[in-house]
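Computation of the quantities below employed the complete heavy-atom set of this structure, encompassing side-chain atoms and omitting hydrogens, waters and symmetry-equivalent molecules. Throughout, a chain's letter reflects where its sequence line sits, starting with A, and its residues are numbered from 1.
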Protein chains: 2
Amino acid sequence: MIGHIKNMAEVLKALGDEKRLKIIKIFASNNNETFCVSDVANQLDISQPATSQHIKILKNIGILEENRRGFRVFYKINSDVLAEYRNDIDELFKTTFEKCQYNFSCDKCPYNNKSLSEKSSNAY
Amino acid sequence: MIGHIKNMAEVLKALGDEKRLKIIKIFASNNNETFCVSDVANQLDISQPATSQHIKILKNIGILEENRRGFRVFYKINSDVLAEYRNDIDELFKTTFEKCQYNFSCDKCPYNNKSLSEKSSNAY
DNA sequence: AATATGTATAAGAGAATGCTTATGCACTTA
DNA sequence: TAAGTGCATAAGCATTCTCTTATACATATT
């Protein structure tokens with residue numbers, strides 16, 4: 001549960017891009033590891049580095065997990081994180097009309113995760 | 001129901017900003033029209049024009065409705081649109097692992113709303 | 001009508017974003 | 001060990017975003 005406006009904004013922003021949403025769906029249908037990064041790049045009609053950069057953003061919020069197979073890298077969805085965000089966002093909508101307990105002083109809010117990238121195995 | 005990646009990205013992007021999320025919550029608690037635009041600007045510690053620009057983005061996706069009272073303007077949440085987006089986003093998560101029927105050719109998808117701003121009474 | 005108040009729009013500056021090409025890195029294979 | 005393959009990172013560029021100040025617009029008040 002992140003439940004905090006600042007973090008929610010970060011997640012929503014990461015998801016708020018057409019190509020990244022497509023990347024998620026492509027990797028979601030990637031159970032047999034059919035698509036590697038270059039395949040996705042072709043599907044999206046952008047370069048491989050551009051694809052890697054989008055993937056990085058999705059890894060940073062923990063939604064994608066790396067799975068290297070030789071010199072190819074496959075990605076899959078972290079279902080737990082996905083489910084968590086699904087809940088958090090729904091909660092955000094559900095509590096829209098409830099007053100913020102900390103009056104938007106995000107720094108004082110216990111739900112304020114310093115960095116969402118801690119969810120990522122590639123946290124630095 | 002928008003149910004389309006391209007439109008979903010637009011909505012998520014509009015919501016993917018800390019200040020805009022705060023604006024939503026502030027206006028959500030604005031039943032008695034306590035806060036006008038300038039009040040919100042003060043709360044967010046940005047200028048009034050910056051606030052108006054954020055509001056415009058939220059109006060464009062239909063989440064905010066204008067209510068002019070004299071020379072002040074108050075805003076309130078359009079609960080129907082909010083509920084719709086809540087559903088759409090939840091659907092997006094729920095169907096993450098389902099294959100896109102149109103193989104991401106958004107132009108062919110019947111759910112592809114040309115412009116979300118049609119939801120706005122200020123559509124142009 | 002003239003003035004006052006509050007909001008929206010315009011214009012411009014600086015930061016952030018998303019792309020490209022070039023290159024380095026990880027791993028495989030001959 | 002050397003060459004090949006695919007991904008990540010670096011650097012640079014164009015575009016978009018978010019802010020500011022200045023100004024136009026809408027409404028109320030005197």
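- Taking only side-chain atoms of Phe71(B), from C-beta outward, the nucleotide of dA28(D), dA8(D), dT21(C) with the closest atom is dA28(D).
- Nucleic acid contact class of Phe74(A) (heavy atoms, under 4.0 Å, all strands): none.
- Between Lys13(B) and dT16(D) there is no side-chain N or O to OP1 or OP2 distance below 4.0 Å.
- Rounding to whole angstrom units, CG of residue Asp45(A) and P of dC19(C) are separated by 11 Å.
- Relative to the side chain of Ser52(B), the nucleotides dA8(C), dC19(D), dT21(C) differ in distance, and dA8(C) lies closest.
- The shortest distance between side-chain heavy atoms of Asp17(B) and Lys13(A) does not fall below 4.5 Å.
- Residue contacts for Arg69(B): at a heavy-atom cut-off of 4.0 Å it reaches no nucleic acid atom on any strand shown.
- Set against dT7(C), dT21(C), dC19(C), the side chain of Pro49(A) has dT21(C) as its closest nucleotide.
- Atoms CD1 (Ile46(A)) and P (dT21(C)) sit 12 Å apart, rounded to a whole Å.
- When distances are taken from the side chain of Arg68(B) to each of dC19(C), dG6(D), dT27(D), the shortest belongs to dT27(D).
- Side-chain contact between Ile55(A) and Val73(A) is absent, with no heavy-atom pair separated by less than 4.5 Å.
- Of the listed nucleotides (dA8(D), dA26(D), dA8(C)), dA8(D) has the atom at the smallest distance from the side chain of Glu66(A).
- Checking the phosphate oxygens (OP1, OP2) of dT20(D), a side-chain nitrogen or oxygen of Ser47(B) falls inside 4.0 Å.
- Under the 4.5 Å side-chain heavy-atom criterion for grouping Ile, Leu, Val, Met, Phe, Trp and Tyr, Val81(A) is connected to Ile61(A) within one hydrophobic cluster.
- When the side chains of ILVMFWY residues are joined at heavy-atom separations under 4.5 Å, either directly or via intervening members, Phe74(A) and Val40(A) end up in two distinct hydrophobic clusters.
- Look at Tyr75(B) and you won't find any side-chain N or O under 4.0 angstrom from OP1 or OP2 of dG6(C).
- Residues Leu82(B) and Phe93(B) are members of one and the same hydrophobic cluster, defined by side-chain heavy-atom contacts under 4.5 angstrom among Ile, Leu, Val, Met, Phe, Trp and Tyr.
- Between Leu58(B) atom CG and dT18(D) atom C1' there is a gap of 14 Å when expressed in whole angstrom units.
- The side chain of Arg72(A) lies closest to dG6(D), out of dT21(D), dG6(D), dA26(D).
- One interatomic measurement links the two molecules: CD of Glu10(B) to P of dT16(D), which rounds to 14 Å at whole-angstrom precision.
- A straight line from NZ of Lys56(B) to P of dC19(D) spans 15 Å, rounded to a whole angstrom.
- With respect to the salt-bridge test (charged N to carboxylate O, under 4.0 angstrom), the residues Glu18(B) and Lys22(B) qualify.
- Atom pair Asn60(A):CG and dA16(C):C1' shows a separation of 15 Å (rounding to whole Å applied).
- Nucleotide dT20(C) holds its P atom 11 Å from the CD atom of Gln48(A), rounded to whole Å.
- Put simply, CD1 on Ile57(B) is 14 Å from P on dT16(D), counting in whole angstrom units.
- Taking only side-chain nitrogens and oxygens, His54(A) never comes nearer than 4.0 Å to OP1 or OP2 of dT17(C).
- For Gln53(A), the side-chain atoms get nearest to dC19(C) when compared with the rest of dT20(D), dT7(C), dC19(C).
- Projected onto DNA chain C by closest heavy-atom contact, Ile55(B) and Arg20(A) fall at different nucleotides, the more 5' of which corresponds to Ile55(B).
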